[in-house]
Amino acid sequence: MKIIAFIKRKGSGSLFKIKGDPQTVAKGFALGSFIGMLPFPGFQVIISAAFASVLKYNKAAAITGVFNTNLATGAFVFAFNFWLGKKVLGIETAFEMPDKINLSFAKIVIEAGTDVFLSLLTGGIITGIIAMFLAYYISLLILNRKLVKSEQTK
């Protein structure tokens, strides 16, 4: 499994330990933060790494950004995204989000129908855009400060 080896080698640890141009790292982190909000748990790492490669963003930062939504935060994030998507789209459904998010989540959503998936996707896009902008500007600010400090100590 090449992707697992890549995650262990490059995608773990702090965003601020990743080496590279601050803007490229911040763009990767922002991309991962956006994709982390979408209803594709289990596939977000692969999706973010693929997009980062195509866009020439930092892959390790993109993978790190995805992990903003994890097993601990996923249930809350996806429940909020589902609620937001339903409100925006005006969809009424009796579907209730599961208490835990795991690989079977994709199956649950597929079986629940198009309305549920569209609600999750719409809410995820909205919160993803917000997360993307926040992740980009905050991480760029911190990475640039780190770069200035390291140049001053040389």
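This chain uses plain numbering: 1 for the first residue, then up along the sequence.
- Applying the salt bridge (charged side-chain N to carboxylate O under 4.0 Å, His left out) test to residues at least two apart or on different chains, the pairs with a partner in residues 108-131 are K107-E111.
- For D21, the side-chain hydrogen bond (donor to acceptor under 3.5 Å, both in side chains) partners are T24, not counting sequence neighbours.
- When the side chain to side chain contact (heavy atoms under 4.5 Å, CB included) test is applied to S104, the partners found at least two apart in sequence or on another chain are N102, I108.
- Note that the OG1 atom of T122 and the CZ atom of F82 stand 11.0 Å from one another [nearest 0.5 Å].
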Exercise answer: donor-acceptor pairs, residues 25-45 side-chain atoms, under 3.5 Å, sequence neighbours excluded:
residue : atom : partner : partner atom : Å
S33     : OG   : F29     : O            : 2.9
S33     : OG   : N68     : ND2          : 3.1
Q44     : NE2  : I35     : O            : 3.4
Q44     : NE2  : G36     : O            : 3.0
Q44     : NE2  : L38     : O            : 2.8

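- Residues forming a side-chain hydrogen bond (donor to acceptor under 3.5 Å, both in side chains) with N81 (at least two apart in sequence, or on another chain): T127.
- Between I18 atom CD1 and T64 atom OG1 the span is 4.0 Å, to the nearest 0.5 Å.
- Applying the salt bridge (Lys or Arg N to Asp or Glu O under 4.0 Å) test to E96 and every residue at least two apart in sequence or in another chain returns nothing.
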Show me the donor-acceptor pairs within less than 3.5 Å that the side chains of residues 87-95 make with the rest of the protein, sequence neighbours left out.
residue : atom : partner : partner atom : Å
T93     : OG1  : F95     : N            : 3.2

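- Taking CD1 from I63 and CD1 from I47, the interatomic distance works out to 12.0 Å, rounded to the nearest 0.5 Å.
- The hydrophobic cluster around V54 extends to none of the other residues, as no ILVMFWY side-chain heavy atom falls under 4.5 Å of it.
- Heavy atoms only, all atoms of each residue included: K59 and S53 are closest at CD-OG, 3.1 Å.
- With hydrophobic clusters built from ILVMFWY side chains whose heavy atoms lie under 4.5 angstrom apart, F67 does not share a cluster with V77.
- Classification of the F80-W83 ring pair by plane angle, with boundaries at 30° and 60°, yields tilted.
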Atom pairs and distances, donor-acceptor, side-chain atoms in residues 130-141, under 3.5 Å, two or more places apart:
residue : atom : partner : partner atom : Å
Y136    : OH   : Q23     : NE2          : 3.0
S139    : OG   : A135    : O            : 2.5
S139    : OG   : Y136    : O            : 3.3

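- The hydrophobic cluster analysis finds I110 isolated: no Ile, Leu, Val, Met, Phe, Trp or Tyr side chain comes under 4.5 Å of it, directly or through other members.
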_Apply side-chain contact (heavy atoms from CB on, under 4.5 Å) to residues M97 and F76 and explain how you reach the verdict._
CA-CA 9 Å; M97 291 294 294; F76 169 76; over 6 Å; no
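- Legend: salt bridge (charged side-chain N to carboxylate O under 4.0 Å, His left out) pairs involving residues 119-145, not counting sequence neighbours: none detected.
- Under the salt bridge (charged side-chain N to carboxylate O under 4.0 Å, His left out) criterion, no residue pair touches residues 134-143, with sequence neighbours excluded.
- In the hydrophobic clustering of ILVMFWY residues, with side-chain heavy atoms under 4.5 Å counting as a link, I125 and F78 come out together.
- In terms of heavy-atom proximity, S48 sits nearest to V66 at OG-CG2, 3.4 Å.
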